[in-house]
Amino acid sequence: MIMTVDQDVRGVWTSDHGTMANETAQVRWTRIVSDMVDDVGESLQASTVSNEQQQEGKAIQSALETMRQEIQNDAELTPINDTDADVQWFTSQLERRPKLSWQAAPWLFAECYLYRRVQSIFATSRYWRGYDVFKRQKNSTFVKSRTAVEELAARYLSTFQKGTGDSATEDQRFLLFSEMTQVALWGNATDLSLLSKLSLEELQSMQGRQSILNAQSKIVDNDLDEVWAYLNSPLYNKGLREVDIILDNSGFELFTDLIFAAYLLDSGLATRVRLHAKIFPWFVSDAMISDIGGLLDLLENVVDFPERAAIDPVLAHLRQHIKANRLVMVDSWFWTTASSYYEMPERVPDLYSDLEKSALVIFKGDLHYRKLTKDGLWPFTTPFKQAIGPMGRASGLKVLALRTNKADVCVGLTSNDQVQELDKACPNQGWVRNGKYAVVSFSDGQ
Ligand code: F6P
Ligand code: MG
């Protein structure tokens, strides 16, 4: 694999043998698209579906099936049939680089193209626009996470009732911060595009509090101390302390993010938290604003969550933060493009300038990390600040990435010895891609 250190780092391609990109393009995408066809099929069986909806649903299934075959046969990537401005951008990229095919294209571009094309298939229909082809999966996996949800709600309730602030020692405050951050971090381990067929036992063993704390040694770049120092510095406390969380997945991860946001507010570390969601279904499990409301409604449901002792008060508490405008939800079309965040200042100057004003911008998950780092094949010891280019050094932005490693890019390791040890413990660079390792990477923008 070719590795360079300059900012024109080469992004990983689906044709790069032995990469996650290659495996994803060859094996995982067709399965994900087949699951979409099945989901539409299930919806078609409802007795309330009209004849017109039936016809259109079948046409959608066939458009998805065509795409599945194109992936399998390594067909050329063709312009998406839609007039939306963000789709035109995809088309312009294809014009600039003709002959990209599914199995020979930059991974980030091709994967985002896939989900954007799916969106257009539904959005240009009459009866299925607004349909969330991943909703069934998102909801059912969240309900399966019941044990961990109850455990985390109970844990949060006990800290919240005790008070998180004044009487606690510095050590206790740091420990709580470290725990809450790690819960939000490992919440990212169970995204559905990678792990849709997890058994209940597997899911639960990844989500329990103890397994989360045990996983500390698996954080290969861990800047928790630096983040804590920043949060306690005069620089941080001089400002408004408004924090942005760029969300990743719905379901259990979103629940951990809401708890993390509540913790930031209740501990006084933040005065407001803005949650940034996607505008349409994305990468199977990603959260839209409607998923946030949907998750709170699911928690309300006593059939799925019969043990109410902790859930009720935590839910009421979250709703109170929302009502008081301390917990705010926003979305942007930019999160569903294929642009790396190197392009953010140019493509979304307003959003970028909002983030510049933020006290801390927390990017959740693997895909945001890939976009921050251009999905680049950086040497693993490249400093995070360097790999995120314009969002790093001298940007003034305070960027924190909480990401379990599920791709080919990983930076911020301290030495080649560390890389070698990881390679020994986890051959074939499994630590970069199997979701069992993670990073807590911080750039102070200086
Ligand atoms: O390869 C795993 C994968 O599906 C990647 O394609 C993508 O980067 C990622 O998972 C999505 O994960 P996350 O939900 O953490 O962004
Ligand atoms: Mg995701």
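Every number for a ligand or one of its atoms is a count from 1 in the order of the listing.
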Quiz item: Do any of the N/O/S atoms of Asp248, backbone or side chain, fall under 2.8 Å from the Mg ion (ligand 2)?
Solution: yes

Exercise. Could you tell me whether Glu111 and ligand 1 have an N or O pair separated by under 3.5 Å?
Key: yes

Quiz item: Going by an N to O cut-off under 4.0 Å, is there a salt bridge joining Arg433 and Asp408?
Solution: yes

Quiz item: Which atoms of ligand 1 sit under 4.0 Å from any heavy atom of Arg28?
Solution: 1 (O), 2 (C), 3 (C), 4 (O)

Quiz item: Which pairs pass ring pair (Phe, Tyr, Trp, His ring centres under 6.0 Å) with one or both residues in residues 404-424, sequence neighbours excluded?
Solution: none

Quiz item: Between Asp297 and Arg319, is there a salt bridge with N-O shorter than 4.0 Å?
Solution: yes

Exercise. Answer side chain, backbone, both or neither: which part of Asp366 comes under 4.0 Å from ligand 1, heavy atoms only.
Key: both

Quiz prompt | ligand 1 versus Arg433: contacting region, heavy-atom distance under 4.0 Å | solution = neither

Quiz item: Under 4.0 Å between a Lys/Arg side-chain N and an Asp/Glu carboxylate O for Glu421 and Lys424?
Solution: no

Exercise. Would you kindly specify which portion of Leu367 sits under 4.0 Å from ligand 1, judged on non-hydrogen atoms: side chain, backbone, both or neither?
Key: both

Quiz item: Counting backbone and side chain alike, does Asn188 bring an N/O/S atom below 2.8 Å of the Mg ion (ligand 2)?
Solution: no

Quiz item: Is ligand 1 less than 4.0 angstrom away from at least one heavy atom of Lys364?
Solution: no

Quiz item: Can we call the ring centroids of Tyr113 and Trp102 under 6.0 Å apart?
Solution: yes

Practice problem: Could you tell me whether Arg347 sits above the aromatic face of Trp89, with NZ or CZ closer than 6.0 angstrom to the six-membered ring centre and within 45 degrees of the axis? | Solution: yes

Quiz item: Do any heavy atoms of Trp107 fall under 4.0 Å from ligand 1?
Solution: yes

Quiz item: Using 4.0 Å as the upper bound for N to carboxylate O, is an ion pair formed by Lys385 and Asp223?
Solution: no

Self-check item: the Mg ion (ligand 2) - name of the N/O/S atom of Asp286 that sits closest to it
Solution: OD1

Quiz item: Between atom CG of Leu355 and atom CG of Leu351, what is the distance when rounded to the nearest 0.5 Å?
Solution: 5.0 Å

Quiz item: Considering Glu253, His368, Met20, Arg370, which one's heavy-atom position lies nearest to atom 5 (C) of ligand 1?
Solution: Arg370

